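Take a look at the structure set out below.
Remember, predicted model here, so these are calculated numbers, not experimental data. What you see below is based on every heavy atom in this structure, not just the backbone, and it leaves out hydrogens, waters and symmetry mates.
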Amino acid sequence: MNDIDTLTERLIDGTLGDSEAADLETILADSAEARTRHLTLLNLEAALRGLRTDLNLGENVLAHIVASRIERTTAAVMAEIADQPQPRWQRRPARHRVLWVAIASIAALVLVAFWIARPNPVSPEPNLLLKLDSARIASVVGSVEVVTSGEPAAVQEGAFIRSGQTIRTIGEDSAVVLEFPDQTRVELHPESAMRFATAADGTSTPRRLVLERGQLSATVIGCNTVIGSLAADVVSQDGSFSLWSSGPGSARVESREGNVQVVRNEPGEPVSLSPGRAAFVRDEITPIRVESPFRVDTTPRFRFEFNGALDAAFTADGQEVWAVTAKQWLRWRISANWDVALMERQMLSFASKHDGPMAQLSSDRRTLIASRLDRGDDSIVCRDMPGGLERMVLPVQPGEQRTLCVSPDGRWLAVTRPKPKPAVRVWDAFTGVERFAHELENAAYCMCATPDGRMLAIEISDLGRGSNNKVVFLDSQTGERRFALPTQRRQITSLAFTRDGRTMAAGTSGALQIWDVPSRQLLRTLQGFERVVTCVAFQPGGKLLAAGMQDGQVWIWSAQTGQRVQVLECGNRGIRALAFSPDGKSLVVAANSAPLSLWDITPEPAEGTEPDA
């Protein structure tokens, strides 16, 4: 197996030439043993890289994986149908069966005649409505494409897609809803792609769809349907569920109602999921892990009439909620009986034509820093709050600012730049004097100040194999490097500290790490999900940890036990900011182009409960 090992390693490293790629496909086509070895090596690499992987598997390999699962899943569903009791009409005497067949035939002819004769000016292909392998596009949001034989084309509401085509959503604000003739609905979330793998010739043959990447929500009615990823299949005849997959080696299924089963890409019994339960599948080595039920909330206590907040916070007494963008500041009063009233809405920059992409309040709510794009070149504005008076403006090069950070007391602010060489710059927020500029060996995507303001924690990503990803702690006064925490091949996307600064949470794609900062020890890694963590926040006291996701959900764990206790479904917009109330009983959520929302929080679970990871 030396040849297959070498070629697979070059495929993983991205150094596989055209001739070697042809040799690899030939070996895989001729040898089942080589295919097994090849998939094992790919899954091991995917496990090392984490849940997200950018591997570009060859079409032949993917076709082999899908074909083998189609055969196994179809056989399992057909066997289950065979084991079911016969319908009543089949157990009746022959003369009754003849009568019922005659009546059914006449009714079918009448329905078909009516269907053909009825006017149908909307649909260009009315015959597709009778095919279970076709679907009508019920609604389109943003950019949606259908790919046929490698050629993409934009689609509109009312169009049809069928077996052999791939539909994909492009951009964070894109989504599409598909409706099948039997009223089955599939909603494809932003940045997702789904393929119609095989045709269905009747209700006894499972209709099959393949989620190539991203997330979908499905409601299946009356037809055996298989919706799978390259890691697992979900089989349902009547049920509602969501499926998420960010790569070929893992998938997550969350059941909402009805009969939903998960089938692995290996021999074994299907796993049934009752409503409110979820299953996580990762490569051929890790078994399916089914989670215990947790609380799911879909309706907040209150929605504020304001969209697109970039940051939000409670006041120290918990009686006011603030929301900010680069040019607006709003405040609401919350009464003892939970009545919410807008107290003030202030434009912070009347000359501004564009609301900048970043804004952040200091923890003491006395300072606001924001990016601004309306002066010909980029700039960073520092304001005194709550008045909004412009304290100073820091000029930066166009495109230089990637992330912003302000100290808890508002005394300094930091900006990371991606080019010409990655670096972080720190200024005094009162004098405008630059404290230091610290060059970084690789790109930085997020940062956070420690609660005492003495250090700046900054994530640094190795853009190669990811073997040198870390969180570096810098002295906020001098830029001196204090220490670093390795993040085990994971690119950190969000950071947060407990109020005492002893514990740090680092969110990634598909995992959440909890660190003890003084001892430099990794305490726990929370896994079992497929989402990108965009922001994290500790409850006051550090008992609960909330993580906002790219798909609009907020997951809440016990920081001590690792058990997930609550999920907030805030829509399909990525979460921008989270803020707990001082008593820890409420959470404010800010999402992209969506209303600010206020949610009730479940108390911490009792000790001794089973953790999620």
Inset, instruction - Hey, could you give me the CG/CG distance between L188 and L216, rounded to the nearest 0.5 Å? - result: 6.0 Å
Legend entry - Side chains of Q513 and T487, donor plus acceptor under 3.5 Å: no
Inset, instruction - Measure the shortest side-chain to side-chain distance between F241 and R256 over non-hydrogen atoms and say whether it is less than 4.5 angstrom. - result: no
Legend entry - Sole residue of L178, V144, V177 in side chain to side chain contact (heavy atoms under 4.5 Å, CB included) with I137: L178
Inset, instruction - May I ask you to decide if S242's main-chain N or O and S217's side chain share a donor-acceptor pair within less than 3.5 Å? - result: no
Inset, instruction - Quick one: list whatever passes ring pair (Phe, Tyr, Trp, His ring centres under 6.0 Å) with F304, sequence neighbours left out. - result: F302, W332
Inset, instruction - Check for a donor-acceptor pair, side chain of E191 on one end and backbone N or O of G171 on the other, with a separation under 3.5 Å. - result: yes
Legend entry - Side-chain donor-acceptor contact under 3.5 Å, S597 with W599: yes
Legend entry - Whether T184 side chain and I221 backbone form a donor-acceptor pair below 3.5 Å: yes
Legend entry - Side-chain heavy-atom pair V226, V235 within 4.5 angstrom cut-off: yes
Inset, instruction - Output yes when a side-chain donor or acceptor of T534 lies under 3.5 Å from a complementary backbone atom of I575, and no otherwise. - result: yes
Legend entry - Pairing of E254 and R252 as salt bridge, 4.0 angstrom limit: yes
Legend entry - Side chains of Q165 and T148, donor plus acceptor under 3.5 Å: yes
Inset, instruction - Give a yes or no on whether the backbone of C446 and the side-chain of T403 come within a donor-acceptor separation of less than 3.5 Å. - result: no
Inset, instruction - Please tell me if the side chains of Q550 and P190 come closer than 4.5 Å, counting only heavy atoms from C-beta onward. - result: no
Inset, instruction - Answer yes or no: is there a side-chain heavy-atom contact under 4.5 Å between Q328 and F306? - result: yes
Inset, instruction - Please name the residue in the list L495, V536, V471 that meets the side chain to side chain contact (heavy atoms under 4.5 Å, CB included) test with C448. - result: L495
Legend entry - Check: V186 and F180 side chains under 4.5 Å, non-hydrogen atoms: yes
Legend entry - Non-hydrogen side-chain atoms of M549 and V533 separated by less than 4.5 Å: yes
Legend entry - Any L598 side-chain heavy atom under 4.5 Å of F314 side chain: yes
Legend entry - I492 backbone acceptor or donor facing T508 side chain under 3.5 Å: no
Legend entry - Pair T169, H189: side-chain N/O donor-acceptor within cut-off below 3.5 Å: no
Inset, instruction - Measure the CZ-CD1 distance between F196 and I167 for me, rounded to the nearest 0.5 Å. - result: 7.0 Å
Inset, instruction - Grab the two heavy atoms, one from L596 and one from A323, that are nearest each other, plus how far apart they are. - result: CD2-CB, 3.8 Å
Inset, instruction - Tell me yes or no: between the side chains of Q566 and D297, is some donor less than 3.5 Å from an acceptor? - result: yes
Legend entry - N/O donor-acceptor pair under 3.5 Å between E145 side chain and R168 backbone: no
Inset, instruction - Compare all side-chain heavy atoms of P152 with those of V147 and state whether any distance is below 4.5 angstrom. - result: yes
Inset, instruction - Output all residues satisfying salt bridge (Lys or Arg N to Asp or Glu O under 4.0 Å) with R303, sequence neighbours left out; order by chain, then residue number. - result: none
Legend entry - E305, CD atom: more than 12 neighbouring heavy atoms under 6.0 Å: no
